[in-house]
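Below is one structure, written out as structure tokens, with a few remarks after it.
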Protein chains: 2
Amino acid sequence: MASGDFNHSRPQRKRRKMQRVTMTDVANTADVSPSTVSLYLRKPSAVSERIAIRVRRAIDDLGYVPNYVAGGLAAAGSRVVSVIVPSLRNAFFSETVSELERLLARGGLQTLVGHSEYSLDQEEALVRAALSWAPAAVVLTGCRHNDATRKLLIRSQTPVVEMWELGGDPIDQAVGFSHEQVGRHIAQRFIDQGYESAAFLGARLDEDFRAAQRSQGFLAEMEAAGVPARLIENNAPASTSNGVRLFEELCMAPVRAVACSNDMIALGVLFEAQRRGLSIPTQLALAGFGDLDFAAQMVPPLTTVRPSADKIARKVAECILSRDVSGDDESRPVEHDTGFTLVPRASG
Amino acid sequence: MASGDFNHSRPQRKRRKMQRVTMTDVANTADVSPSTVSLYLRKPSAVSERIAIRVRRAIDDLGYVPNYVAGGLAAAGSRVVSVIVPSLRNAFFSETVSELERLLARGGLQTLVGHSEYSLDQEEALVRAALSWAPAAVVLTGCRHNDATRKLLIRSQTPVVEMWELGGDPIDQAVGFSHEQVGRHIAQRFIDQGYESAAFLGARLDEDFRAAQRSQGFLAEMEAAGVPARLIENNAPASTSNGVRLFEELCMAPVRAVACSNDMIALGVLFEAQRRGLSIPTQLALAGFGDLDFAAQMVPPLTTVRPSADKIARKVAECILSRDVSGDDESRPVEHDTGFTLVPRASG
DNA sequence: ATGAAAGCGCTAACAG
DNA sequence: CTGTTAGCGCTTTCAT
């Protein structure tokens, strides 16, 4: 990525010189010095009650809103955390971002989101932009990044958390689980049930490395057990309609059990199976990944894997927040395994 | 909200005084003045090719990453847009945020997200935090806000876009459609089909004002047509499992047609109906809202309403981006109706 | 416990 | 086209 890429200020909106209320205004009104106001804001207990009252009044009267931008500059580090996910349309990530935002907000941190559309170059661009905010931390999805991204991040000294995947060598901290193991567990379930043939339905496997790993684990385990298993894939998003499409393709040469990239795909399979009069699990066994809300409601309920998105979010937040108070370093890199749960249900 | 709320800098991570590469460093290396570097970054065409080359080299050699925080301070206005939605778990909003983020990024704007959990007070807190970033714009969901929020926003002179709903009096710009009309259209469809009784299944109606308006429109239209219609509601999220729950409650006194808060709820109804052996649409007609991906795949396909989340996102981005270049003011407030489409399918 | 002073890294007139 | 000069609003020693 060339250097000319960051033009951080195109012709800007003519913000009229509105006299924003500043800390100095507050100080004047309260008849104290600006630094005292600053101190009060950051550590109210450090100023006398008499002054605290005056400052508080001034703030309310004036409707003062602090300027984090200025604060960030002075303090050499803003209170934003940049979170970069492949896609917000994906329920896993929107769930994680949602929980993360909530948790970080408690710690006084603002969440900056970006989505890479599963592109490593796009990710690099986002990281570049993120670093321009001198963020308190950068959260990335997965442990596969291009070289420039890694270099940028390491060089910046910014705390980094990679989430939703384990196994690469972490830049700093990693929180997630092994997707290959997920695939293996599903395969094992199918093997235990005695199904004699199987397939994995995958979407965007060349971009979604985690889904690819699940498929690989699945196929490997099947092969080890001597159960014939195929991979059907395409490059469309992991949606229900794509599930229908993938399953249609699979039906040209049917199998006894099918594992899906995720629950959305599985939902598509369920519908298409209904349309074709295929009974689940009698004629076709079905498994998904994600344990999204509807999985348990399906008819029949879906066998799936619960990755606990919020557990990941909690752990990530913890990494960031704790790092934030203690200046501990050199303890990295670390991997935190949040595990996953196979949820056996009637579908397969 | 009291004044003590914003402590924008808790004991901060001890960032060692790492010598971040600054613009001055680049200037020195390239043997030009800092302002020339700044100019090059913002308007490459304004510097001579000779110097451009030197600067570019220096940037690459040094691995310079611009500091937006400093830039924002100097330019009196950062290039972030704060987007506040009720929930990111909701597919409508994650879709909108996703698209918005993409579009704004093109314009060099970073997206700051916050979710209010459908609470007006929470929203106020988020707006307060957002304004601390001197954002280029604030995007809110819906047109219902508390007084403090409105005051804060108006006072700040920040461009505001309220999305996903029309009908209130906009603070600045509004992009969306009438949810009441959505309800009426669905009702009309049911009336046209000759169903003699109906119900609306609603989740969180006292917090989700938009869903509440859909229910009101629906009920009003039904009443006008003399078709008996009931409202079944609870305070759980608008999920598939809640759809099941609401429908179970409805089944104590069945009706001929049921309209749902959204498609997730409708999916729950479909499953529960299947379990009870109720045939759709023969015995029960069903309609949703959202036209989520799976709606068209359901068995039978779901009659629903398509709000076009990305159309909203596009229009919002347009409002922000265009405002950004031309300093036009005083043209507000404006409402942009993005409309919606009733998508009739086999379910009802 | 409070204040004075010195920047943080960059942009934006303005001069040359 | 390039450089000089002031800040932007806040935090942070360091005195008092």
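If you're wondering where the values come from, they're calculated on a predicted model, not measured in any experiment. FYI, side chains are in, hydrogens and waters are out, and symmetry mates aren't considered; it's all heavy atoms of this structure. Lettering of chains follows the sequences in order, A, B, ..., and the numbering in each one begins at 1.
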All N/O donor-acceptor pairs, side-chain side in residues 312-321 of chain B, below 3.5 Å, sequence neighbours left out:
from   : atom 1 : to     : atom 2 : distance (Å)
B:K315 : NZ     : B:E318 : OE2    : 3.2

Fill in: With B:T96 via side-chain hydrogen bond (donor to acceptor under 3.5 Å, both in side chains) - residues at least two apart
B:W164

Worksheet item: Of all residues at least two apart in sequence or in a different chain, which pass the salt bridge (charged side-chain N to carboxylate O under 4.0 Å, His left out) check with A:E99?
Response: A:R102, B:R89

Discussion item. Tell me every residue that passes side chain to side chain contact (heavy atoms under 4.5 Å, CB included) with B:Q122, counting only those two or more places apart in sequence or in another chain.
Written reply: B:S116, B:S119, B:L126

Discussion item. Just to verify, what does A:E117 make a side-chain hydrogen bond (donor to acceptor under 3.5 Å, both in side chains) with, not counting sequence neighbours?
Written reply: A:H115

Tabulated below should be each protein N or O lying under 3.5 Å from an N or O of nucleotides 14-16 of chain D; please produce it.
none

Item to complete: List in chain and number order the residues that pass side chain to side chain contact (heavy atoms under 4.5 Å, CB included) with A:A129, two or more places apart in sequence or in another chain; answer none if no residue qualifies.
Response: B:Q110

Practice prompt. With sequence neighbours excluded, tell me which residues meet side chain to side chain contact (heavy atoms under 4.5 Å, CB included) with B:L62.
Written response: B:V21, B:D25, B:V26, B:T29

Discussion item. Just N and O in the side chain of B:Y40: are any of them under 4.0 Å from OP1 or OP2 of C:dC10?
Written reply: no

Worksheet item: Do the side-chain N or O atoms of B:R42 get closer than 4.0 angstrom to the phosphate oxygens (OP1, OP2) of C:dC10?
Response: no

Contacts under 3.5 Å, N or O only, protein and nucleotides 2-4 of chain C:
from  : atom 1 : to    : atom 2 : distance (Å)
C:dT2 : OP1    : A:S48 : OG     : 2.6
C:dT2 : OP2    : A:S48 : N      : 2.7
C:dG3 : OP2    : A:S33 : N      : 2.8
C:dG3 : OP2    : A:S33 : OG     : 3.4
C:dG3 : OP2    : A:T36 : OG1    : 2.6
C:dG3 : N7     : A:S35 : OG     : 3.3
C:dA4 : N6     : A:S35 : OG     : 3.2

Produce the list of close N/O pairs, under 3.5 Å, pairing protein atoms with atoms of nucleotides 14-16 of chain C; give distances to one decimal.
none

Response to the item:
Sorted by chain and number, sequence neighbours left out, side chain to side chain contact (heavy atoms under 4.5 Å, CB included) with A:T149 holds for A:E123, A:E124, A:V127, A:H145, A:N146, A:L153

Item to complete: Kindly calculate the angle separating the two end axes of the helix from C:dA1-D:dT16 to C:dG16-D:dC1, each obtained from five base pairs, and round it to 10 degrees.
Response: 30°

Item to complete: Using atom OH of A:Y68 as one end and atom P of C:dC8 as the other, report the distance to the nearest whole Å.
Response: 24 Å

Discussion item. Whether the side chain of B:T141 engages the backbone of B:I84 through a donor-acceptor N/O pair (distance < 3.5 Å, no angle test) should be reported.
Written reply: yes

Practice prompt. Taking only Lys NZ, Arg NE, NH1 and NH2, and the carboxylate oxygens of Asp or Glu, determine whether A:D172 and A:R150 approach each other closer than 4.0 Å.
Written response: no

